[in-house]
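Working notes, beginning with the structure itself.
By convention in this document, chain letters (A, B, ...) are assigned in the order of the sequence lines, proteins followed by strands, and residues within each chain are numbered from 1.
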Amino acid sequence: MLFAMVIPAFLVGGALCVLAQLLMDLTRPSFSPAHVLVTYVTGGAILGGLGLYAPLIKIGGAGASIPLTGFGYSLAKGAIEAVDKKGLIGAFSGGLEATAAGIAAAVVFGYLMAVFFDPKG
Amino acid sequence: MMKDQKKQGQEQQPEYPLPIQGIVDLIGPEKPKGQKVSPGQPKLTPQEYKQISDKYLTKPTVLKNCLWAFGVGGIICAIGQIIQNTLIYYGVNAATASGTTTIIMVFLGAFLTGLGIYDDIGKRAGAGSIVPITGFSNSMVAPAMEFKREGFVFGIGAKLFVIAGPVLVYGICASVLIGVIRYFLK
Amino acid sequence: MQSKIRGKQTIAFESPPVVLSSATVVGPMEGAGPLASKFHTVLTDTLDGEKSWERTESKMLKDAIKSTITQANLMEADINFLLAGDLLNQITASNYAARDLPISFLGLYGACSNMALSLFLGSVLIDGGFAERVVAAASSHHDTAERQYRFPTEQGVQRPLTAQWTVTGAGATLLSRQGTGVKITYATPGKVIDLGVSDPNNMGAAMAPAVADTIIRHFQDLGSTPADYDLIISGDLGQIGLNITKDLVSQGGYQLNNYTDCGILVYDDTQDVHSGGSGCGCSAVVINAHILRELQAKRLKKVLFIGSGALLSPTLTQQGESIPSIGHAVVLEAPL
């Protein structure tokens with residue numbers, strides 16, 4: 001029970017990382033980490049909007065939700081669900097509402113770590 | 001021509017070799033007849049130089065990098081899966097479990113960055129440490145830590161979003177666009 | 001007065017300035033490299049008790065300058081001018097080091113070619129009779145450079161194999177009109193050359209054409225050949241830049257068989273620096289700690305040192321511009 005879906009998560013997550021690695025290694029001038037992150041979040045959102053990412057979540061579990069494409073998917077899914085419930089305003093509120101916890105956590109933990117730790121070089 | 005050397009009543013004997021063009025004319029294939037090379041323009045074009053320099057570039061070890069990316073990225077996702085399973089086991093519903101897992105992974109990424117370990121992982125793992133949400137967290141904490149010495153507002157505060165900013169901008173724009181399209185398709 | 005210029009851009013010093021002393025301060029990584037025993041001071045960590053890396057770099061530069069003056073049994077008041085530079089915006093490390101030194105200060109920016117630039121201009125001041133004694137210095141620090149030019153140091157980035165590691169080090173040389181010691185006899189300042197390399201992780205390829213141009217020009221202006229020198233050494237081309245430069249110079253008609261690079265000498269293979277060391281500090285510490293010593297001991301008689309600098313700005317790199325580079329050559333000769 002504890003280890004359910006762990007192998008699929010490993011495989012799907014690993015595959016998404018390999019794709020990014022190829023993007024960074026085979027492009028000249030190469031993709032920087034920031035470019036990869038932006039591409040993945042947008043890609044995940046677009047695939048989510050087209051309904052192509054949900055199957056990947058079913059197959060890969062955390063292997064699809066933890067990579068940044070999963071974050072993009074959550075943004076898109078949130079917008080779609082909010083539009084269905086609230087109409088056009090949902091397009092604006094839905095994405096952030098769905099990912100609010102993750103973003104707030106990133107800001108808070110990020111801030112705390114930056115305050116308490118020094119860079120080592 | 002020694003134009004500036006012609007002074008009245010002075011014998012000007014060149015003491016040294018006459019000026020010769022250096023790399024500007026010596027290196028590279030002859031330009032086709034009729035094509036003017038302006039002074040100071042290297043005869044070697046950027047394309048020609050790229051062919052020369054590419055011979056000496058060390059190629060990235062793509063296979064090794066991909067294996068590391070696959071392994072580390074896979075492990076990070078597997079850890080996330082186990083965390084998620086544990087939460088569900090203890091009665092958390094599926095959606096909340098997913099969200100909580102995200103928060104825990106974000107924390108782990110931030111913490112490992114603070115400890116100075118995440119960059120060591122990233123050196124080997126490449127995309128394996130960038131793509132998971134822990135990488136997003138690292139990309140926030142690293143610049144914030146780096147610029148801490150510039151203060152709380154312009155240092156930590158502003159630099160938290162150096163990389164996270166574009167991610168949010170493009171992610172949110174994409175989601176709004178998708179929502180709007182969804183609205184009009186219904 | 002006889003003209004001191006040879007050919008198009010080489011200067012022959014009529015009364016070559018003399019190196020009275022030199023000093024270097026380096027970080028722990030350099031202190032674990034092949035030249036460890038030659039450095040004057042090795043820091044135990046990259047902060048050395050300061051509040052930020054920028055302040056540490058400034059302190060290292062100041063200490064190197066003070067050390068070289070003390071080593072020659074002189075005082076700061078005996079020095080006419082200080083010429084120094086570094087990699088930081090507004091050459092911060094140098095300005096703040098000079099703040100604590102009561103010497104007339106000439107700040108310079110030549111990127112990683114700074115040591116050669118400082119030595120060249122210092123020599124011009126002395127040979128021209130404008131100064132009795134000058135100190136020429138340069139510094140760089142890995143963490144200050146990374147944070148300004150590339151990524152925050154704790155970010156999980158993978159450096160490509162073509163990348164180089166900025167040296168944490170400061171070097172200073174005391175030049176004098178009188179005395180005995182290593183002499184600076186000729187100098188060939190370089191032209192800015194840009195052959196379209198825009199990858200800041202591939203500095204060797206960016207700088208090679210500029211260095212090759214200066215080398216070829218130097219030989220032509222003086223009518224000399226590589227065999228006239230015991231060693232030809234560039235500042236921080238790294239292994240890749242060195243190979244490209246050899247190729248380019250051979251296309252210009254000269255074979256460089258006695259050619260190496262400071263970036264290759266300062267670290268060894270186990271230190272995982274990929275293509276080699278870089279930064280103003282690279283040539284500053286290798287020349288001051290190692291090459292000058294070899295010349296003083298007459299193990300080397302005549303050395304051609306070409307400082308190599310990549311004159312890029314992060315802003316223009318982001319705008320898609322390529323990296324212009326420059327190479328300044330200086331000839332160092334052993335005392336008779």
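The shortest heavy-atom contact between B:I103 and A:A105 is CG2-CB, 3.8 Å. Closest of all the heavy-atom pairs between B:I163 and A:A34 is CG2-CB, 3.9 Å. The shortest non-hydrogen separation linking A:A62 to B:Q81 is N-OE1, 2.7 Å. For the residue pair A:G13 and B:C77, the shortest heavy atom distance occurs at CA-SG, 3.6 Å. Here the shortest heavy-atom pairing between A:L22 and B:C66 reads CD2-SG, 3.6 Å. Nearest heavy-atom pair, B:F136 versus A:A106, reported as atom, atom and distance to 0.1 Å: CE2-CB, 4.2 Å.
Contact count versus chain A (heavy atoms, under 4.5 Å) is highest, among B:P60, B:G128, B:G74, for B:G74. With respect to chain A, the highest number of heavy-atom pairs below 4.5 Å among B:I133, B:V169, B:T61 belongs to B:I133. Residue with the most contacts toward chain B among A:A20, A:A114, A:A76, A:G70: A:A114 (heavy-atom pairs, distance under 4.5 Å). Comparing B:I79, B:T113, B:D119, B:T86 by heavy-atom pairs within less than 4.5 Å of chain A, the highest count is held by B:T86. Counting heavy-atom pairs closer than 4.5 Å to chain B, the top-ranked of the candidates A:G43, A:G63, A:G61 is A:G63. Of all the listed residues (B:G73, B:S175, B:G80), the one sharing the greatest number of non-hydrogen pairs under 4.5 Å with chain A is B:S175. The choice from A:A101, A:P67, A:A79, A:G78 that makes the most heavy-atom pairs within less than 4.5 Å of chain B is A:P67.
When side chains are defined from C-beta on, A:P33 does not count as touching B:S139, because their heavy atoms never get closer than 4.5 Å. A 4.5 Å side-chain heavy-atom check between B:P132 and A:C17 finds at least one atom pair inside the cut-off. Taking 4.5 Å as the limit, some side-chain heavy atom of A:I66 sits within range of a side-chain heavy atom of B:M105.
Atom CD1 of A:I89 has 12 or fewer neighbouring heavy atoms from other residues, nucleotides or ligands inside a 6.0 Å radius. Residue-environment remark: NZ (B:K55) exceeds the threshold of 12 foreign heavy atoms within 6.0 Å. The 12-atom threshold is not exceeded at CD1 of A:I7, counting heavy atoms of other residues, nucleotides or ligands nearer than 6.0 Å.
Taking the six-membered ring where the residue is Trp, B:F152 and A:Y111 present tilted rings, their angle falling between 30° and 60°.
Looking at A:L68, the atoms closer than 4.5 Å to chain B (heavy atoms on both sides) sit in the backbone and in the side chain alike. Contact of A:V12 with chain B is not made at all, since no heavy-atom distance falls under 4.5 Å. For B:I130, the parts lying under 4.5 angstrom from a heavy atom of chain A are both the backbone and the side chain. In this structure, chain A has heavy atoms under 4.5 Å from both the backbone and the side chain of B:I75. Neither the backbone nor the side chain of B:A164 comes within contact range of chain A; no heavy atoms are under 4.5 Å apart. Looking at A:M24, the atoms closer than 4.5 Å to chain B (heavy atoms on both sides) all sit in the side chain, from C-beta outward. Of the two parts of A:Y40, only the side chain, counted from C-beta on, holds a non-hydrogen atom closer than 4.5 Å to a non-hydrogen atom of chain B. The contact between B:I172 and chain A is made by backbone and side chain atoms together, counting heavy-atom distances below 4.5 Å. Contacts of B:F161 with chain A are made by side-chain atoms alone, with heavy-atom separations under 4.5 Å and no backbone atom involved. Using a 4.5 Å cut-off between heavy atoms, A:L112 makes no contact with chain B at all. In this structure, chain B has heavy atoms under 4.5 Å from both the backbone and the side chain of A:V115.
Distance check: A:I103 CD1 to B:M140 CE gives 9.0 Å after rounding to the nearest 0.5 Å. For the atom pair A:F109 CZ and B:I104 CD1, the distance stands at 9.0 Å (nearest 0.5 Å). Here OG of B:S98 is found 7.0 Å from CD1 of A:I57. Values are rounded to the nearest 0.5 Å. Atom CG of residue A:D25 and atom CG of residue B:N65 lie 4.5 Å apart, to the nearest 0.5 angstrom. A distance of 4.0 Å separates CE of A:M113 from CZ of B:F107, quoted to the nearest 0.5 Å.
Side-chain atoms of A:Q21 do not come within 3.5 Å of backbone N or O of B:A69 as any donor-acceptor pair. Between the side chain of B:K148 and the backbone N or O of A:P119 there is no donor-acceptor pair closer than 3.5 Å.
Under the side-chain contact (heavy atoms from CB on, under 4.5 Å) test applied with B:V167, the options A:T42, A:T39, A:V38 reduce to a single match, A:V38.
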From CA spacing to verdict: side chain to side chain contact (heavy atoms under 4.5 Å, CB included), B:T102, A:F71: CA-CA 9 Å; B:T102 305; A:F71 186 69; 5.7 Å; no
